[in-house]
Number of protein chains: 2
Amino acid sequence: MRISELSRRSGVPVATIKYYLREELLPAGVATSATQAEYDDHHLRRLRLARALIAVRGLSVSTTREVLRALDEHSTDLHLLFGLALGAVVPTDEPDSPSDQPQEPTPADELISALGWEISEKAPTRATITDTIHTLRELGLPADWQTLVPYARLAERTADLDLAQLEDAEDPLERVERAVLLTILLEPVLLALRRMAQENESAKRHPRPDTGPDTD
Amino acid sequence: MRISELSRRSGVPVATIKYYLREELLPAGVATSATQAEYDDHHLRRLRLARALIAVRGLSVSTTREVLRALDEHSTDLHLLFGLALGAVVPTDEPDSPSDQPQEPTPADELISALGWEISEKAPTRATITDTIHTLRELGLPADWQTLVPYARLAERTADLDLAQLEDAEDPLERVERAVLLTILLEPVLLALRRMAQENESAKRHPRPDTGPDTD
DNA sequence: AAAATTGGGTAGCTCTACTGTCTAATATAG
DNA sequence: CTATATTAGACAGTAGAGCTACCCAATTTT
């Protein structure tokens, strides 16, 4: 198919597809002449995937590029893919400690070793944890890595569910793509579930007197 | 204190503080003359809170404004505050169905009633869930609301942990502020924990042959 | 042969989050 | 009481992200 059909079938404007091609979110089509190129189902699939990450999940174009690149390069090695912590949430990078020497373990390090987890050293998720604990403490909350241990145990079980979803996929390519989609697209959902569970639980514990069993 | 001291104590540039005043992230100081205003610890606290939401969590200024406004207005009614699902992750709003008539229940509705949760009707989290299921299915994943039930159960327990953190706060103002901070600032951490748990679990299930028990 | 489409590229547009500058009024120091 | 510094408030400017519109030459299609 040519670009207009790719556009029609994906719902993405031609100009945007061209932009994505420039940004290397999509591989170039096979050029059949100076002004013609042929795209196939692989491109369509890629495009839909990219759009989902950008429009549904809200990833930036550059983050999406990294995710897609990692998908290509680590189509095996699932845990290596996970270790990249692709498209993690935290956008800021304040190099609070520009040191080189091996400093004392951060709260994240302590947490991870207390959990007995095997986590890559350079995982950006470590910084997220340490930074957040730091911020919470600055704001007067009693936060430390011990607080996070029960959360981490629940995260383990969440990850179990995630990995179970991948069992049915036999094709390894299918498998990594699913892993990425489940990991990234489910993130807003998991947070939404938490919000709703908070609302539900809080309402249960402190019921409004006037909002009884609805007679409406 | 005046604005320069507020700036010095918070680390936020004066120009940025002025911007936040215009954007109503901070209440105006008490004007002592035409060109002078007095700020107090409340302003400082607010400013630190706003900066944490914006710089650490990555919320937009407008979302942050809504969060802070909700904090003021619902300083009691914790579950009402939760129900707002402040600063939820999903940035897009595609009005996919511009209908008025009561349509069939969405996957989110079915999930919520299956869980037995009491959730406000207009919670934006519902749309997040429905949209994501829709997207996953479009991309060929076998996703439906049943898939999310076990995730929701884990979310319940996460929410339990969240609410337990609020127990020690006696002052209700302190309480809602903690609720907001814990809910919002912990989000990246929870996702980071999930990523790491995935990596850990995946490595455990599919150990690399060469990366045995570390001799390093 | 005429009209439509395409690839490739560049420029422009909108939005967000600041940042810098200006002015008049006021505070403060001497 | 004068000189210097600071401030509130307004507004313009900036940088980056994510598109979007336009142009042109080279084909296709009719």
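A, B, ... follow the sequence lines: proteins, then strands. Residue 1 opens every chain.
- Atom CG in B:Leu21 sits about 16 Å away from atom P in D:dC11, given to the nearest Å.
- Looking at B:Ile54, B:Leu25, B:Leu185, B:Leu68 one by one, the single match for side chain to side chain contact (heavy atoms under 4.5 Å, CB included) with B:Leu49 turns out to be B:Leu68.
- Here D:dG9 presents its C1' atom at 10 Å from OH of B:Tyr39, a figure rounded to the nearest Å.
- Taking side-chain N and O atoms only, B:Ser4 has a distance below 4.0 Å to OP1 or OP2 of D:dT7.
- A close approach under 4.0 Å does not occur between any side-chain nitrogen or oxygen of A:Ser62 and OP1 or OP2 of D:dA17.
- Distance, B:Glu38 CD to D:dT7 P: 11 Å, rounded to whole Å.
- In this structure, the side chains of B:Asp40 and B:Met1 stay at 4.5 Å or more apart for every pair of heavy atoms.
- The existence of a salt bridge linking B:Asp41 and B:Arg9 is confirmed by a sub-4.0 Å separation between a basic side-chain nitrogen and an acidic carboxylate oxygen.
- Looking at heavy-atom distances under 4.0 Å, B:Arg8 makes no contact with the nucleic acid at all.
- Between D:dC19 and A:Tyr20, a contact under 4.0 Å exists linking OP1 or OP2 to a side-chain N or O.
- To the nearest angstrom, C1' of C:dA4 lies 11 Å from CD of A:Gln36.
- One atom, CD1 of B:Ile3, and another, P of C:dA27, lie 16 Å apart when rounded to the nearest Å.
- Between B:Glu23 and B:Arg65 there is a salt bridge, since a side-chain N of the basic residue sits under 4.0 Å from a carboxylate O of the acidic one.
- In this structure, B:Ser10 OG and B:Tyr39 OH are separated by 11.5 Å, a value rounded to the nearest 0.5 Å.
- For a distance-only test at 3.5 Å, the side chain of B:Lys18 qualifies as a donor-acceptor partner of the base of D:dA8.
- Using a 4.0 Å heavy-atom distance criterion, B:Ala37 is classed as a sugar-phosphate-only contact.
- If B:Thr32 and B:Val61 are placed on DNA chain C by their nearest nucleotide, the residue sitting closer to the 5' end is B:Val61.
- Each of A:Ala34 and A:Arg22 lies near DNA chain D, and the nucleotide nearest A:Arg22 is the one positioned closer to the 5' end.
- Here B:Arg51 lies in heavy-atom contact (under 4.0 Å) with sugar-phosphate atoms only.
- With C:dA27, C:dC18, D:dT28 as the candidates, the nucleotide lying closest to the side chain of B:Tyr19 is C:dC18.
- Picking from D:dA26, C:dA25, D:dT20 the nucleotide with the shortest atom distance to the side chain of B:Thr35 gives C:dA25.
- The CD1-P distance, from B:Ile17 to C:dA17, rounds to 17 Å in whole Å.
- Phosphate contact (OP1/OP2 of D:dT7, side-chain N/O of B:Ser33, threshold under 4.0 Å): absent.
- One atom, CD of A:Glu24, and another, C1' of C:dG9, lie 16 Å apart when rounded to the nearest Å.
- Here D:dT29 presents its C1' atom at 9 Å from CZ of A:Arg2, a figure rounded to the nearest Å.
- Residue B:Ala15 places its side chain closer to C:dG20 than to any other of D:dT7, C:dG20, D:dA21.
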